[in-house]
Participant: 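First, the structure itself, so that you have it in front of you.
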Amino acid sequence: MSSAKRLKAFQVILRARQHEIDALSAELAAIRARQAEITGHIETLDRRRDEEGHAQTLEAAPFVAGFLKAIAVEQVGLGEQLSALDEIGSKLEQEVRERFIDMRSWQTSCDRLEAAQNYDDRRKESAQMDEVARATFTHHRGTS
């Protein structure tokens with residue numbers, strides 16, 4: 001395979017790797033947003049518990065106890081969701097890191113191939129210019 005075709009193939013692979021990283025990053029961002037939403041909901045429940053969790057009268061005491069229990073149960077469920085999302089998020093972060101490292105490796109190979117191709121192109125151009133200069137010199141020498 002010629003170096004130009006190889007370079008194009010590497011560039012296609014690089015774009016595919018970047019697309020994979022972008023997709024994983026978007027998924028990770030959605031998970032982090034959901035975690036922030038859950039954390040905010042837990043904090044809201046904490047505030048409600050602190051503000052509304054006091055019985056003003058003896059008759060209200062059983063209702064407040066049920067209210068507090070309901071908040072605690074909901075917070076436990078939200079905490080479990082948060083833990084599950086954290087585990088998924090950690091795995092996605094690791095995958096993004098690994099894919100990024102792989103992509104950088106391809107980028108380095110692509111850069112080296114591109115530099116070699118540019119060197120070859122400059123070398124060929126220089127050889128052509130030398131040939132033109134020799135031909136011009138020979139032509140002028142022959143006509144003088």
Participant: Looking at side-chain heavy atoms only, is the closest gap between R48 and F67 below 4.5 Å?
Facilitator: yes

Participant: So how far is it from K69 NZ to I71 CD1, rounded to the nearest 0.5 Å?
Facilitator: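 The NZ atom of K69 sits 13.5 Å away from the CD1 atom of I71.
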
Participant: Considering residues, nucleotides and ligands other than E87, do more than 12 of their heavy atoms fall under 6.0 Å from its CD?
Facilitator: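 Incorrect, the count does not exceed 12.
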
Participant: Grab the two heavy atoms, one from L28 and one from G89, that are nearest each other, plus how far apart they are.
Facilitator: CD1-O, 3.5 Å

Participant: For the atom pair CG (N118) and CG (D111), what is the distance rounded to the nearest 0.5 Å?
Facilitator: 10.5 Å

Participant: Atom CD1 of I42 and atom CD of E74: how far apart are they, to the nearest 0.5 Å?
Facilitator: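 CD of E74 is found 9.0 Å from CD1 of I42.
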
Participant: Only pairs at least two apart or in different chains count here, so list each salt bridge (charged side-chain N to carboxylate O under 4.0 Å, His left out) that has a residue in residues 3-16.
Facilitator: none

Participant: Check the pair R32, D86 against side-chain contact (heavy atoms from CB on, under 4.5 Å), reporting the backbone distance first and the verdict last.
Facilitator: CA-CA 8 Å; R32 295 303 183 219; D86 192 43; 4.0 Å; yes

Participant: Quick one: side chain to side chain donor-acceptor pair (under 3.5 Å) partners of R47, sequence neighbours excluded?
Facilitator: T44

Participant: Which is it for D46 and R49 under the salt bridge (charged side-chain N to carboxylate O under 4.0 Å, His left out) test, yes or no, and what are the steps along the way?
Facilitator: CA-CA 5 Å; D46 281 340; R49 181 195 62 219; 3.1 Å; yes

Participant: Taking all non-hydrogen atoms of both residues into account, name the closest pair between I38 and L85 and its distance.
Facilitator: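 Shortest heavy-atom contact: CD1-CD1, 3.6 Å.
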
Participant: Check whether S105 reaches the backbone of I101 with its side chain - one donor and one acceptor, N or O, closer than 3.5 Å.
Facilitator: no

Participant: Go through the steps for E125 and R122 under the test salt bridge (charged side-chain N to carboxylate O under 4.0 Å, His left out), then give the verdict.
Facilitator: CA-CA 5 Å; E125 186 178 327; R122 284 191 309 272; over 6 Å; no

Participant: So how far is it from Q35 CD to I88 CD1, rounded to the nearest 0.5 Å?
Facilitator: 9.0 Å

Participant: Enumerate the salt bridge (charged side-chain N to carboxylate O under 4.0 Å, His left out) contacts for residues 98-109, please, sequence neighbours excluded, ordered by first and then second residue.
Facilitator: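 Output for this query lists R17-D102, E20-R99, E95-R99.
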
Participant: Would the number of heavy atoms belonging to other residues, nucleotides or ligands and lying under 6.0 Å from CZ of F100 be above 12?
Facilitator: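 No, CZ of F100 has 12 or fewer neighbouring heavy atoms, counting only those of other groups under 6.0 Å.
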
Participant: How many angstroms lie between CD in Q107 and CG in L14, if you round to the nearest 0.5 Å?
Facilitator: 5.0 Å

Participant: A side-chain contact here means heavy atoms from C-beta on lying under 4.5 Å apart; do V64 and L68 qualify?
Facilitator: yes

Participant: Do you know the tightest heavy-atom contact between C110 and L7?
Facilitator: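 Nearest heavy atoms, C110 then L7: SG-CD1, 3.5 Å.
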
Participant: In terms of heavy-atom contacts, does CZ of R112 have more than 12 from other residues, nucleotides or ligands at under 6.0 Å?
Facilitator: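 No, not enclosed.
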
Participant: Starting at CG of D50, measure out to CG of L45 and round the result to the nearest 0.5 Å.
Facilitator: 11.0 Å

